[in-house]
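Since the structure is predicted, the reported quantities are computational estimates derived from the model, not experimental observations.
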Amino acid sequence: MPTTEAALEEQLSAPSDAVAAALASTTGDIVVLGAGGKVGPTLCRMLRRALDAAGSPRRVLAISRWSDADVRDRLIRWGVEPVTADLADPDAWAGLPDAGAVFFLAGNKFGSTGNQHLTWWMNAVVPGLAASRYRGVPTVVYSSGNVYPFVPPHSGGCSETDPVGPVGTYAQSCLAREQAFAHAAAQWGTPVAIYRLNYAVELRYGVLADIAGKVASGAEVDVTMGAVNVVWQRDSTDWSIRLLEHAAPEPFVLNGTGPEKASTRRLAEQFAALLGREAHIVGAEAPEALLSDASRCHALFGYPTVGLAQARAWTAAWIAAGGRQLGKATKFQTRDGRF
């Protein structure tokens with residue numbers, strides 16, 4: 001188990017041999033758009049480590065406004081080259097570096113309520129700007145399982161072929177993001193892969209850290225969202241890079257999450273046992289939840305190397321030891337689409 005942030009970041013960014021093979025299917029520098037968020041630094045470092053292991057001089061260019069200078073400085077230490085740009089500004093795109101492969105992570109989720117215009121701009125218009133600037137370049141687009149409707153847990157979750165049914169501004173604009181890149185694929189033959197992630201976890205944030213933190217502090221755990229999907233962030237990042245080999249002018253859509261449909265109530269009870277605390281559970285499980293079926297992903301890339309039980313135990317130990325949290329709640333309990 002990682003016991004320090006340095007060890008955690010080392011573990012999260014460890015590339016597999018399959019990552020190196022996927023990168024070898026492309027040429028040129030790699031551009032990561034929206035690299036300053038929760039997933040971006042892990043992705044950039046994994047890309048850099050895989051290229052270094054292959055002896056490749058290709059650059060990893062991380063593009064963001066860099067409101068958090070510490071994240072930018074860490075990327076520099078890891079050999080990633082940060083590029084400062086406001087992707088919401090249409091005039092910024094012409095000056096961005098060329099790429100042989102693109103990962104699109106930019107977007108807006110929290111604060112969507114009352115600020116819908118920004119959410120639509122970031123999640124629907126900015127993807128169009130990106131798709132136009134990098135037309136023809138293989139692109140992996142991070143999307144969200146929020147594009148699906150709620151379904152009964154016994155259904156196994158929504159698969160990639162099921163009808164979408166986004167609830168609320170954020171989810172609807174995520175679907176618009178996907179369609180912007182689908183248009184680029186149809187218009188310019190851009191190879192596109194769309195990665196519907198639901199939800200990545202590590203020790204400092206995510207659904208597991210949210211629930212464990214509430215149990216540890218004595219706060220209430222609402223179980224109305226009665227079941228959840230999670231996946232260890234290292235595995236999710238690995239899968240997203242390997243999607244480069246599947247990007248095509250007919251966009252390839254993939255759900256990314258773990259195989260379990262985890263009970264929110266049971267997770268709270270398990271954390272209570274691990275932490276020696278009482279779980280203060282409120283609410284009653286709704287008949288439907290936001291759940292994804294990632295069997296297609298597991299058939300392609302295998303099961304997560306860190307499963308739910310291990311991630312749960314690590315999270316409990318990290319929180320019990322006073323490990324730092326990023327302070328970015330997932331709001332996975334939200335059922336009305338208002339983030």
Among side-chain atoms of Tyr142 and Ser240, is any donor-acceptor pair under 3.5 angstrom? yes

Mind checking whether Trp93 and Val126 have side chains closer than 4.5 Å, heavy atoms only? yes

Taking Val306's backbone N and O only, do any of them form a donor-acceptor pair with Asp235's side chain (distance below 3.5 Å, no angle check)? yes

Is a side-chain donor-acceptor pair under 3.5 Å present for Thr84 with Arg72? no

Can you confirm whether Leu33 sits close enough to Tyr134 that some side-chain heavy atom of one is under 4.5 Å from a side-chain heavy atom of the other? yes

Could you grab the distance from atom CZ of Arg45 to atom OG of Ser13, nearest 0.5 Å is fine? 4.0 Å

Identify whether Leu23 and Tyr195 are in the same connected component of the hydrophobic contact network (ILVMFWY, side-chain heavy atoms under 4.5 Å). yes

If you look at every heavy atom in Asn146 and Leu290, which pair is closest and at what distance? ND2-CD2, 3.5 Å

Looking at side-chain heavy atoms only, is the closest gap between Pro2 and Trp314 below 4.5 Å? yes

Using a strict 4.0 Å threshold on nitrogen-to-oxygen distance, state whether Arg196 and Glu160 make a salt bridge. no

Is it the case that more than 12 heavy atoms not belonging to Lys214 sit under 6.0 Å from its NZ atom? no

Could you see if Val147 belongs to whatever hydrophobic cluster contains Phe252? Use Ile, Leu, Val, Met, Phe, Trp, Tyr and a side-chain cutoff under 4.5 Å. no

Check the pair Trp121 / Gln116 against side-chain hydrogen bond (donor to acceptor under 3.5 Å, both in side chains), numbers first and verdict last. CA-CA 8 Å; Trp121 184 266; Gln116 289 91 338; over 6 Å; no

Are more than 12 heavy atoms, taken from residues, nucleotides or ligands other than Arg296, located less than 6.0 Å from that residue's CZ atom? yes

Taking all non-hydrogen atoms of both residues into account, name the closest pair between Gly218 and His280 and its distance. O-CD2, 3.4 Å

What pair of heavy atoms forms the shortest contact from Arg177 to Pro127, and how long is it? CG-CG, 3.6 Å

Evaluate salt bridge (charged side-chain N to carboxylate O under 4.0 Å, His left out) for Arg48 paired with Asp52, printing each intermediate quantity in order. CA-CA 6 Å; Arg48 182 70 269 160; Asp52 287 345; 3.0 Å; yes

Determine which pairs satisfy side-chain hydrogen bond (donor to acceptor under 3.5 Å, both in side chains) with at least one residue from residues 201-213, sequence neighbours left out, and list them in order. Glu5-Arg204, Glu9-Arg204, Glu202-Arg204, Tyr205-Gln233, Asp210-Thr330

Spacing of Leu267 atom CG and Ile211 atom CD1 [to the nearest 0.5 Å]: 4.5 Å

Given the rule that I, L, V, M, F, W and Y join up when any side-chain heavy atoms are under 4.5 Å apart, are Val231 and Ile241 in one cluster? yes

Taking every heavy atom of Gly128 against every heavy atom of Ala180, the minimum-distance pair comes out as N-CB, 3.9 Å

Using the side chain to side chain contact (heavy atoms under 4.5 Å, CB included) rule, take Phe271 and Val221 through it: C-alpha gap first, then chi angles, then the decisive distance, then the call. CA-CA 11 Å; Phe271 278 123; Val221 179; over 6 Å; no

With the 4.5 Å side-chain cut-off for hydrophobic clustering, are Leu43 and Ile30 part of the same group? yes

Locate the shortest heavy-atom distance separating Ile63 from Ala85; write the atom from each residue and the value. CG2-CB, 4.0 Å

What's the verdict on side-chain hydrogen bond (donor to acceptor under 3.5 Å, both in side chains) for Glu178 and Ser143, showing C-alpha distance, side-chain angles and the deciding distance? CA-CA 7 Å; Glu178 294 185 8; Ser143 186; 2.6 Å; yes

Please check if Leu87 and Val31 belong to a single hydrophobic cluster, counting links between Ile, Leu, Val, Met, Phe, Trp and Tyr side chain heavy atoms closer than 4.5 Å. yes

Heavy-atom nearest pair, Trp66 first then Val83, reads NE1-O, 3.1 Å

Taking side chain as C-beta onward, heavy atoms only, is Pro259 less than 4.5 Å from Pro304? yes

Applying salt bridge (charged side-chain N to carboxylate O under 4.0 Å, His left out), run through Asp293 and Lys261 and close with a yes or a no. CA-CA 9 Å; Asp293 175 356; Lys261 309 297 180 282; 5.4 Å; no

Distance-only, no hydrogens or angles: does the Ser173 side chain make a donor-acceptor pair with backbone N or O of Tyr170 under 3.5 Å? yes

Centroid-centroid under 6.0 Å between Trp239 and His298 rings: yes

CG (Asp70) with more than 12 external heavy atoms under 6.0 Å: yes

Flag for Thr315-Arg312: side-chain donor and acceptor within less than 3.5 Å: no

Going through the checks in order, is the side-chain hydrogen bond (donor to acceptor under 3.5 Å, both in side chains) test met by Thr257 and Asn198? CA-CA 6 Å; Thr257 196; Asn198 182 34; 5.4 Å; no

Residues Arg242 and Asp238 bridged, charged N to O under 4.0 Å: yes

Using only atom types and a distance under 3.5 Å, with no angle test, would you say the side chain of Arg277 pairs donor to acceptor with the backbone of Ala272? no

With distance as the sole test, does Ser155 use its side chain to make a donor-acceptor pair with the main-chain N or O of Val151 at under 3.5 Å? no

